[in-house]
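See structure below.
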2 protein chains.
Amino acid sequence: MKEEVKEILSHPRSQTEEVQALQDTIYVIGGKWKLPIINSICNGNKRFREIERSIPGITTRMLSRELKDMEMNGLIKRTVYDSSPVLVEYESTEYCHSFGDIILQMIKWGKAHRKKIKAGK
Amino acid sequence: MKEEVKEILSHPRSQTEEVQALQDTIYVIGGKWKLPIINSICNGNKRFREIERSIPGITTRMLSRELKDMEMNGLIKRTVYDSSPVLVEYESTEYCHSFGDIILQMIKWGKAHRKKIKAGK
DNA sequence: TTCATTGGTATACTCCGTGATACTGGTTAC
DNA sequence: GTAACCAGTATCACGGAGTATACCAATGAA
């Protein structure tokens, strides 16, 4: 059988399409902070400092930047209540929830990994 | 009800543990290339140039670096066949397969995202 | 003979994601 | 009066992830 044909047959799913999809996703949620922030907000954290405290290691600068970015991209909604002092709340959008499964799988992997390290080393 | 108590009650799952797990995972598979490489190898690509061609945009340098890194971390196995010319093959390990669900979800998201962009703009 | 392929390495460079630190203006608590 | 909390912004600086390009020795094909 020709190499070419063999290669096509061995990849029934469109490999190209898959890599592209994967790279798209990595592009959107790449970096150290986006997923932890999404997770935090989806977990019910609404206030800036609340989110900040819920994510170990993040700085106000990065949180601020990422929140702004994610708001622009329709991942979260920012509401300012004109009370005194000003109150700001962040909420996740429907779109944002579409990352749920990815986050879930990643949390699952992370937990299993930690258990594995602890147990067997 | 005290703010403190309310906060604890509203997060029955250990939020701290989840963020940590998430951050661990991001640390391991972070960056632009690790997941596409894993995916490629799991899809049956074995040879260096084969993997390279299957991932749009990657350079030989990055592929080389990442493969070395991933071999050290037990994610893939590198075998050199002493034929002439020398033949090198990469395989995924069991450990590597534990990323299967994450990759699957990310491909799924990427496809849906692309469809969404195309359809509604 | 010349070109392409394989499995990479070497060198140089760039950029930007991230970190550290400080600061602001208003408010409430001690 | 001073300390702490809120929601951030401003500056500065770094390192390493990623890019670009060239090169190697061996082999096989045209």
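Scope of the values below: all heavy atoms of this structure, side chains included, with no hydrogens, waters or symmetry mates. All chains are named by letter (A, B, ...) in the order of the sequence lines, taking the proteins before the strands, and each is independently numbered beginning at 1. Keep in mind it's a predicted model, so treat the numbers as computed, not measured.
- Rounded to whole Å, the distance from CG on L63(A) to P on dG17(C) is 16 Å.
- A sub-4.0 Å separation between OP1 or OP2 of dC6(D) and a side-chain N or O of Y81(A) is absent.
- At least one donor-acceptor pair under 3.5 Å links the side chain of E50(B) to the backbone N or O of K46(B).
- In this pair, W109(A) and F99(B) present their aromatic rings parallel. The plane angle is below 30°, not in the 30 to 60° band.
- Distances shorter than 4.0 Å separate some side-chain N or O of S64(A) from OP1 or OP2 on dT9(D).
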| note | Going 5' to 3' through nucleotides 14-28 of chain D and flagging B where a protein heavy-atom sits under 4.0 Å of the base, S where only the sugar-phosphate is that close, and - otherwise, we get ---SBBB------S-

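- Remark: R53(A) is not in phosphate contact with dC5(D), judged by side-chain N or O atoms under 4.0 Å from OP1 or OP2.
- When rounded to the nearest whole Å, the span between CD of E89(A) and P of dG8(D) equals 12 Å.
- Checking side-chain atoms of S92(A) against main-chain N and O of I41(A) turns up no donor-acceptor pair under 3.5 Å.
- As a whole-Å value, the separation of E52(A) CD from dA20(C) C1' is 14 Å.
- Electrostatic pairing of E66(A) and K34(A) counts as a salt bridge here, judged by a charged N lying under 4.0 Å from a carboxylate O.
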| Would N45(A) and Q15(B) count as a side chain to side chain donor-acceptor pair (under 3.5 Å) if you check the C-alpha gap in whole Å, the side-chain angles of each, and the deciding distance to 0.1 Å? | CA-CA 10 Å; N45(A) 296 309; Q15(B) 209 183 112; 2.8 Å; yes

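- Following rounding to the nearest Å, L67(B) (CG) and dT6(C) (P) show an atom-to-atom distance of 15 Å.
- S14(A) places a side-chain N or O within donor-acceptor distance of the main-chain N or O of E17(A), the cut-off being under 3.5 Å.
- Whole-Å rounding puts the I55(A) CD1 to dG19(C) P distance at 12 Å.
- Judged by distance alone, the side chain of S40(B) and the main-chain N or O of S54(B) form no donor-acceptor pair under 3.5 Å.
- With dT9(D), dG8(C), dT6(C) as the choices, the nucleotide that has an atom nearest any side-chain atom of F48(B) turns out to be dG8(C).
- Separating the NZ atom of K34(A) from the C1' atom of dC16(C) is a distance of 12 Å, rounded to the nearest angstrom.
- Open room surrounds NZ on K108(A); 12 or fewer heavy atoms of other groups in view lie less than 6.0 Å from it.
- Residue K68(A) is in sugar-phosphate contact alone, with no base atom involved, counting any heavy-atom pair closer than 4.0 Å across all strands shown.
- Taking a pair as Watson-Crick or G-U with both hydrogen-bonding distances under 3.5 Å, the stems of three or more pairs touching DNA chain C are C:1-30 with D:1-30.
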Would you list the atom pairs, donor with acceptor, under 3.5 Å between side chains in residues 22-29 of chain A and any protein atom, with sequence neighbours excluded?
{"residue": "Q23(A)", "atom": "NE2", "partner": "P56(B)", "partner atom": "O", "Å": "3.4"}
{"residue": "D24(A)", "atom": "OD1", "partner": "R114(B)", "partner atom": "NH2", "Å": "3.4"}
{"residue": "D24(A)", "atom": "OD2", "partner": "R114(B)", "partner atom": "NE", "Å": "3.0"}
{"residue": "D24(A)", "atom": "OD2", "partner": "R114(B)", "partner atom": "NH2", "Å": "2.8"}
{"residue": "T25(A)", "atom": "OG1", "partner": "A21(A)", "partner atom": "O", "Å": "3.0"}
{"residue": "T25(A)", "atom": "OG1", "partner": "M106(B)", "partner atom": "O", "Å": "2.7"}
{"residue": "T25(A)", "atom": "OG1", "partner": "G110(B)", "partner atom": "N", "Å": "3.2"}

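- As rounded to whole Å, 14 Å separates atom P of dG8(D) from atom CE of M70(A).
- Regarding L87(B), its CG atom lies at a distance of 11 Å from the P atom of dT6(C), rounded to whole Å.
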